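Down below is the structure, laid out as structure tokens.
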Amino acid sequence: MLPGKRVAQVIVGLYALACLGGLAVLLVGTKGLFGLPADGLAAVVALMLAMPWSLFFMALGVETPAGFIALIVLAMVLNGVLLWGVIWLLRKAIASLLGR
């Protein structure tokens, strides 16, 4: 059994919560929900969590807001999968060093 499975779940779970929070800020800030004024900079948090893929997707020139948000969500999922994969590789390397 590989060590640190619970740690990996917590790290990826925290990233997922941060992504959901970033998407919530994006939707509330850009639509002006809950009586807040609409702000174009509300997408910055979501864009940072979706880096580096968000830069590539912005270069595609997506015109519709729904398409852009869908690509940001895709980038966040891709980052989550990559994070999980890196943690899995680290766990496997540690287990091989420990002789498990």
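All values reported here derive from a predicted model rather than from experimental measurement. In what follows, every heavy atom counts, from backbone to side chain, and hydrogens, waters and symmetry copies are set aside. In this chain, residues are counted from 1 in sequence order.
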Give the cluster check for F57 versus L78: same hydrophobic cluster or not, with ILVMFWY residues linked at side-chain heavy-atom distances below 4.5 Å. yes
Grouping I, L, V, M, F, W and Y whenever their side-chain heavy atoms are under 4.5 Å apart, do V44 and L27 come out in a common cluster? yes
May I ask you to decide if L49's main-chain N or O and Y15's side chain share a donor-acceptor pair within less than 3.5 Å? yes
For A42 and G29, the nearest pair of non-hydrogen atoms, with its separation, is CB-CA, 3.5 Å
Find out if a path of hydrophobic residues (ILVMFWY) with successive side-chain heavy-atom gaps under 4.5 Å connects L55 to I72. yes
Which atom of C19 lies closest to which atom of M76, heavy atoms considered: CB-SD, 3.5 Å
To the nearest 0.5 Å, what is the distance between CD1 (I87) and CD1 (I94)? 10.5 Å
Single-linkage hydrophobic cluster, 4.5 Å side-chain cutoff, L83 and V10 together: no
Shortest non-hydrogen pair, P52 vs N79, comes out as CD-OD1, 4.3 Å
Can you check whether W53 reaches L82 side chain to side chain, under 4.5 Å on heavy atoms? yes
Would you give the length of the straight line joining atom CG of L41 to atom CG of L47, rounded to the nearest 0.5 angstrom? 10.5 Å
On a heavy-atom basis, which atom in S96 and which in A93 lie closest, and how many Å separate them? OG-O, 2.8 Å
side-chain contact (heavy atoms from CB on, under 4.5 Å) between L23 and L26, intermediate numbers included: CA-CA 5 Å; L23 289 173; L26 171 84; 4.2 Å; yes
Evaluate the side-chain contact (heavy atoms from CB on, under 4.5 Å) criterion for residues Q9 and W84: first the C-alpha distance (whole Å), next the side-chain angles of each, then the deciding distance (0.1 Å), finally the verdict. CA-CA 8 Å; Q9 291 172 342; W84 185 266; 3.9 Å; yes
Cut-off 3.5 Å, no hydrogens considered: what does the side-chain donor-acceptor table look like for residues 58-71, sequence neighbours left out?
from	atom 1	to	atom 2	distance (Å)
T64	OG1	G67	N	3.2

According to a hydrophobic-cluster definition based on side-chain heavy atoms being under 4.5 Å apart (Ile, Leu, Val, Met, Phe, Trp, Tyr only), do M48 and V45 belong together? yes
